[in-house]
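First comes the structure, then the notes that go with it.
Just follow the structure's listing: the first ligand is 1, and inside any ligand the first atom is 1.
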Amino acid sequence: MFSELDPPFRLLMGPGPVNAHPRVLRAMSVPLLGQFDPQMTTYMNETMALYRAVFETDNRWTFLIDGTARAAIEASLVSLLAPGEAVVVLSSGRFGLLLREIAERCGAVVTLVEAPWGEVVPAAEIEAAVARVKPRVVATVHGDTSTTMAQPIETLGDICARHSALLYVDATATLGGMRVPVDAWGADIVTAGLQKCLAGPPGIAPITISDRAAAHIFSRRHVEGGIATAADAPARGARIGSNYFDLAMVMDYWSERRLNHHTEASSMLYAARECARLILEEGIEARVARHRAAGEAMAAGLRAMGLTLYGDQGHKMFNVVGIEIPAGVPGEAVRSEMLDEFGIEIGTSFGPLAGRIWRIGTMGYNARRDAVLTTLAALEAVLRGHGFALVSGAAVDAARAHYAGLS
Ligand SMILES: *Cc1c(COP(=O)(O)O)cnc(C)c1O
């Protein structure tokens with residue numbers, strides 16, 4: 001027999017997942033309900049209302065996709081894009097490339113507007129591409145954790161409106177840690193996941209959809225189930241190419257009609273509901289300020305250790321930082337020692353950054369002063385052990401000074 005689960009305690013300071021807030025874990029252990037129990041549908045409606053506030057939107061269609069963040073990305077793109085339609089994808093990191101890959105699998109014709117990793121895509125290049133391609137959709141990541149850069153979204157809504165495109169934003173890594181003002185942005189679909197700044201476990205994905213995007217998705221509705229009349233049925237090739245991720249069906253399920261689709265992942269819904277309650281209790285401004293303070297204190301400490309931060313610091317996300325691995329220091333050994341000796345996980349990197357940078361997150365429940373100071377103290381000890389020249393104590397002092405300057 002294998003033993004009962006009893007994992008070691010870890011402080012998860014990578015780019016996600018991070019430690020879930022204890023209240024979220026408690027919410028997940030309450031009893032299950034049948035999916036059409038009035039109490040369950042009440043909880044579903046409450047969750048919709050809570051996430052409208054978290055996404056700063058009036059969008060009626062604000063609900064959850066069962067699956068990790070990627071499930072909501074895929075649901076969005078497969079429901080928006082018919083084969084042969086044009087999409088402009090912004091990319092300066094791994095998650096921009098994921099948008100391209102998913103859009104290609106939808107059969108869409110992708111125009112990639114790229115910036116080098118560590119930078120963001122300039123607005124002028126985006127507008128030029130959108131004017132040229134006249135896409136159905138413009139798709140972008142907000143905070144790309146692979147590079148730690150935050151793409152400015154403010155101007156994209158106007159660009160899309162001028163060229164009649166729908167705007168999709170992947171805010172998985174930023175919702176709850178940076179402002180994601182969906183209506184002010186003029187974004188049509190924005191999606192997230194729980195395991196980053198929302199302080200929950202991976203497994204369910206908040207989504208919000210504008211009426212304009214919903215109307216487009218409903219126009220592609222499948223006739224089965226007798227919802228659309230045969231006359232309304234879209235041409236076969238334009239139908240949404242997925243059942244589980246058919247947002248028209250999922251919206252019908254979350255609507256007053258409660259048309260059966262999947263079985264709602266009740267325990268994950270409880271978790272998502274508690275994550276949103278925590279954010280609104282704290283207040284969005286205070287929440288973002290907490291993430292900013294933790295991210296800046298971490299950055300100040302790392303610099304004081306003599307380390308170099310990766311990428312354009314003017315566009316860095318508040319809640320994750322890339323650190324160039326110093327020459328002569330074994331990056332993976334440092335991560336192992338942090339984990340084995342201190343119980344602290346920090347992140348590695350992918351693609352062109354593999355072996356070049358570590359990534360440290362200060363997200364959700366872990367965007368805390370004690371987590372920042374403990375991580376810096378441990379990293380200093382491990383680096384000193386590898387002969388990296390640094391001023392002992394400088395990192396923690398700098399982070400404490402940053403916090404002291406805020407109060
Ligand atoms: C973490 C992350 C994802 C992937 O989320 P999963 O929950 O692993 O599916 C997608 N986009 C961004 C920007 C992320 O940071």
Side-chain angles (χ1 to χ4, degrees), residues 12-20 24 55 64-78 89-103 105 115 117-121 139-153 156 167-180 182 185 187 189-208 242 244-245 265 268 271-272 275 291 295 310-311 315-322 345-351 353 357-367:
L12 301 177
M13 299 299 285
V18 303
N19 300 84
V24 176
F55 277 118
L64 304 172
I65 302 292
D66 292 352
T68 66
R70 185 180 301 238
I73 300 172
E74 189 147 342
S76 303
L77 295 182
V78 78
V89 174
L90 313 190
S91 176
S92 57
R94 168 186 159 103
F95 289 107
L97 295 176
L98 176 67
L99 296 181
R100 172 175 73 174
E101 188 214 303
I102 294 175
R105 285 177 188 246
W117 288 37
E119 299 177 21
V120 297
V121 183
T140 185
V141 179
H142 181 211
D144 196 317
T145 39
S146 70
T147 67
T148 76
M149 294 297 111
Q151 176 70 40
I153 308 293
L156 297 186
L167 175 60
Y168 168 77
V169 181
D170 171 8
T172 302
T174 45
L175 187 67
M178 292 178 71
R179 290 282 302 276
V180 178
V182 171
W185 279 349
I189 302 192
V190 182
T191 65
L194 292 197
Q195 77 270 27
K196 311 236 168 133
C197 300
L198 292 177
I204 207 159
I207 184 170
T208 186
S242 170
Y244 192 69
F245 290 140
M268 289 308 307
C275 289
H291 279 81
Y310 170 78
H315 287 107
K316 193 181 89 54
M317 297 164 66
F318 290 176
N319 45 290
V320 53
V321 60
E345 180 179 277
I346 65 169
T348 177
S349 297
F350 309 104
L353 297 177
I357 69 168
W358 298 300
R359 292 174 302 151
I360 298 185
T362 39
M363 298 191 186
Y365 186 54
N366 290 349

Q195 vs L12 side-chain heavy atoms within contact, under 4.5 Å: no
Minimum side-chain heavy-atom gap V169-V180 below 4.5 Å: no
Residues S146, L353; criterion side-chain contact (heavy atoms from CB on, under 4.5 Å); working and verdict: CA-CA 8 Å; S146 70; L353 297 177; 5.9 Å; no
Side-chain donor or acceptor of Q151 paired with backbone N/O of V121 under 3.5 Å: yes
Ligand 1: which protein N/O atoms lie under 3.5 Å from its N/O atoms?
unit_1: ligand 1; atom_1: 7 (O); unit_2: A69; atom_2: N; d: 3.0
unit_1: ligand 1; atom_1: 7 (O); unit_2: Q195; atom_2: NE2; d: 2.7
unit_1: ligand 1; atom_1: 9 (O); unit_2: T68; atom_2: OG1; d: 2.7
unit_1: ligand 1; atom_1: 9 (O); unit_2: A69; atom_2: N; d: 3.3
unit_1: ligand 1; atom_1: 9 (O); unit_2: R70; atom_2: N; d: 2.8
unit_1: ligand 1; atom_1: 11 (N); unit_2: D170; atom_2: OD2; d: 2.7
unit_1: ligand 1; atom_1: 15 (O); unit_2: T145; atom_2: OG1; d: 2.7
unit_1: ligand 1; atom_1: 15 (O); unit_2: K196; atom_2: NZ; d: 2.6

Full working for side chain to side chain donor-acceptor pair (under 3.5 Å) between T147 and Y310: CA-CA 8 Å; T147 67; Y310 170 78; over 6 Å; no
Pairs involving residues 169-180, ordered by first then second residue, that meet salt bridge (Lys or Arg N to Asp or Glu O under 4.0 Å) (sequence neighbours left out): E56-R179, R179-E285
